[in-house]
Amino acid sequence: MIGAQSLPPSHGRTQPQQQSTARLLAGPPLADGTESHAAHVARLGPLPGRIDPGALVAEIERSGLLGRGGAAFPAGTKWRAVAGRASGGAVVVANGAEGEPRSHKDRALMAARPHLVIDGGLLAARAVGAGELVLYVGSDHHAAIASMRRALAERRGDALPIRLMEAPARYVAGESSAVVHFLNEGDARPTAVPPRPYVRGVGGRATLVQNVESLAHAALIGRFGAEWYRSAGRDSTPGTALVTVQGADGMAKVAELEYGTTLRELAASLGHDARDHRAVLLGGYFGGWATVDAVVDVPLDPARLTERGLAFGCGLVALLPAGTCGVQATAGVLRYMAGESARQCGPCVFGLGAISAAADRLAERRHAPDDLENLGRWANQVQGRGGCHHPDGAAGLLVSALEVFHAEFRLHQATRRCSADGTIGLAAAASGPGDLAIGRAA
């Protein structure tokens, strides 16, 4: 079950009623299901009619809108790059694959606010000179698919051709090159070989692959302007963002927060006490672990998190309850990542396989003497050597785990015991062998 809450901006100029209720999760509760096109237009007004494409790109640039798929790349920069190469007609892909297994924000948005996503895709198409909009939705996101289909049926008068494609239920299927490869060849496999999609993508045309949340924000910026968007945000990054929060109850809750909201505030708004948790996974499986004590009052802002070697990523905030084994939690993530390999290079097939096997042995306390040392070494060796970035993400998460759960890993290695058993404390690991050789590859 997915809950939702819209966290109100803490500051910003006074605005007309229509604008003040125009954030992504304003309006009907998510539990009410799909907002109809008539209700959507009544609440927000229609999309602007004639808009100069260059002015629209410039407005997106001025807003500071970042991509919400994980990389936080400036949306306006992507739009301008595609617009500059669209002489033969471009393609816009609204990317709702959301292969991150713990993230629910994209599917919740598509299920409840499909017309915001479509509006954003149509605006992007105007801006870059596209002749087609593709809605690329994860095949296992059933409510989202049904909602998008209903929305398209309500909008048969839209001049631009729009098609809905179901993305394979794979972690790597939402990576931009994998999106293009699937739409061209039926194989959602990421590639590291140029050209990139903005140069030659779907059908050989310049292609803008943009996350559905990014496009929904763009739909509001198109109506209310860059300054309106920038009126939210407490720190370096303007605007709001959707997040998926998991706490001790195991429930996934989707919320909209101002960038700069702290972990303590976010958890409290959803009924959790952040201090009841020992660690937090930030940014998804391409993100990293941090202790709650270290980040509880750090602004959830991409720039501030990057300064600390962390990432906002896809907006996942997964809190690990006190008393839960960090080694076991990490082994589960690594097992998933190894299973989701695109199987096109050695670092992914053999490297992640070996890493996952060693982590499982440590978690189950049936490890070989050198498993912990090997994890630190292999984490460095696979980074930057894959056919795509999948091994990098898994290795980065492992590095963070070896730092945050250092004593827990030592305890498993040295005593074959786990603090989660309630029989032994982490201090017993302090007398173990020397420091691990871990770190991020240059």
Side-chain angles (χ1 to χ4, degrees), residues 57 60-61 65-86 88-100 103 105-107 109-110 116-139 141 144 148 160-168 170-219 284 286 313-315 342 388-390 393:
V57 172
I60 296 297
E61 289 175 325
L65 176 65
L66 300 179
R68 299 299 201 272
F73 190 80
T77 302
K78 288 181 72 170
W79 290 28
R80 189 168 294 282
V82 175
R85 297 175 178 271
V91 177
V92 171
V93 180
N95 188 357
E98 196 171 38
E100 175 74 45
S103 178
K105 56 102 173 175
D106 288 345
R107 66 196 78 175
L109 176 66
M110 291 184 288
L116 268 183
V117 174
I118 295 172
D119 281 355
L122 292 173
L123 278 179
R126 292 186 200 176
V128 304
E132 181 183 19
L133 170 61
V134 180
L135 307 175
Y136 184 76
V137 185
S139 61
H141 307 337
M148 297 303 286
L160 189 73
I162 306 175
R163 59 179 168 131
L164 190 150
M165 297 292 293
E166 295 187 21
R170 295 292 309 279
Y171 186 85
V172 298
E175 196 275 337
S176 60
S177 66
V179 172
V180 169
H181 200 206
F182 179 78
L183 294 176
N184 283 339
E185 307 290 341
D187 179 10
R189 183 177 307 196
T191 62
V193 180
R196 304 305 296 165
Y198 75 90
V199 177
R200 188 168 70 247
V202 177
R205 292 168 288 174
T207 299
L208 173 67
V209 181
Q210 194 79 73
N211 174 263
V212 291
E213 184 193 339
S214 309
L215 291 173
H217 284 293
F286 258 53
C314 66
C388 68
H389 294 298
H390 187 67

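Treat the numbers as computed from the prediction; the structure is a model and nothing was measured.
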Taking all atoms of both residues into account, what is the closest heavy-atom pair of [X] and [Y], and its distance?
X    : Y    : value
S214 : G67  : OG-CA, 3.4 Å
A178 : A173 : CB-O, 4.1 Å
L123 : A218 : CD1-O, 3.6 Å
G201 : N184 : O-ND2, 3.1 Å

Query raised in the report: Does any pair with a residue in residues 117-139 pass side chain to side chain donor-acceptor pair (under 3.5 Å), and if so which ones, sequence neighbours excluded?
Result: H40-D119, D119-R155, D119-R223, E132-R163, E132-R205

For [X], side-chain contact (heavy atoms from CB on, under 4.5 Å) partners two or more places apart:
X    : value
P74  : L66, T77
A75  : I60, L65, W79, Q210
S103 : E98, E100, K105, T244, C314

Roughly how far apart are [X] [atom1] and [Y] [atom2], rounded to 0.5 Å?
X    : Y    : atom1 : atom2 : result
L208 : R80  : CG    : CZ    : 13.0 Å
R107 : M148 : CZ    : CE    : 14.5 Å
S176 : F73  : OG    : CZ    : 11.0 Å

**Report entry** Side-chain (H181) to main-chain (P190) donor-acceptor, under 3.5 angstrom
**Finding:** no

Query raised in the report: Under 3.5 Å, is there a donor-acceptor pair between the side chain of K78 and the main chain of V209?
Result: yes

Report task. Carefully, step by step, assess R189 and V172 under the rule side-chain contact (heavy atoms from CB on, under 4.5 Å). Result -> CA-CA 7 Å; R189 183 177 307 196; V172 298; over 6 Å; no

Is the shortest heavy-atom distance from the side chain of [X] to the side chain of [Y] under 4.5 Å?
X    : Y    : answer
V212 : N95  : no
V134 : V91  : yes
L135 : L133 : yes
T207 : V92  : no
E166 : V137 : no

**Report entry** Residue pairs passing the salt bridge (Lys or Arg N to Asp or Glu O under 4.0 Å) test where at least one lies in residues 66-75, sequence neighbours excluded
**Finding:** R68-E213

**Report entry** Pairs where residues 171-181 contributes a residue and the test salt bridge (Lys or Arg N to Asp or Glu O under 4.0 Å) is met, not counting sequence neighbours
**Finding:** E175-R196

Requested in this report: Under the ring-ring contact (aromatic ring centres under 6.0 Å, His included) rule, collect the residues that match up with H141, sequence neighbours excluded.
Outcome: none

Report summary line: Residues at least two apart in sequence or cross-chain that pass side chain to side chain donor-acceptor pair (under 3.5 Å) with D106, listed by chain then number, are N211

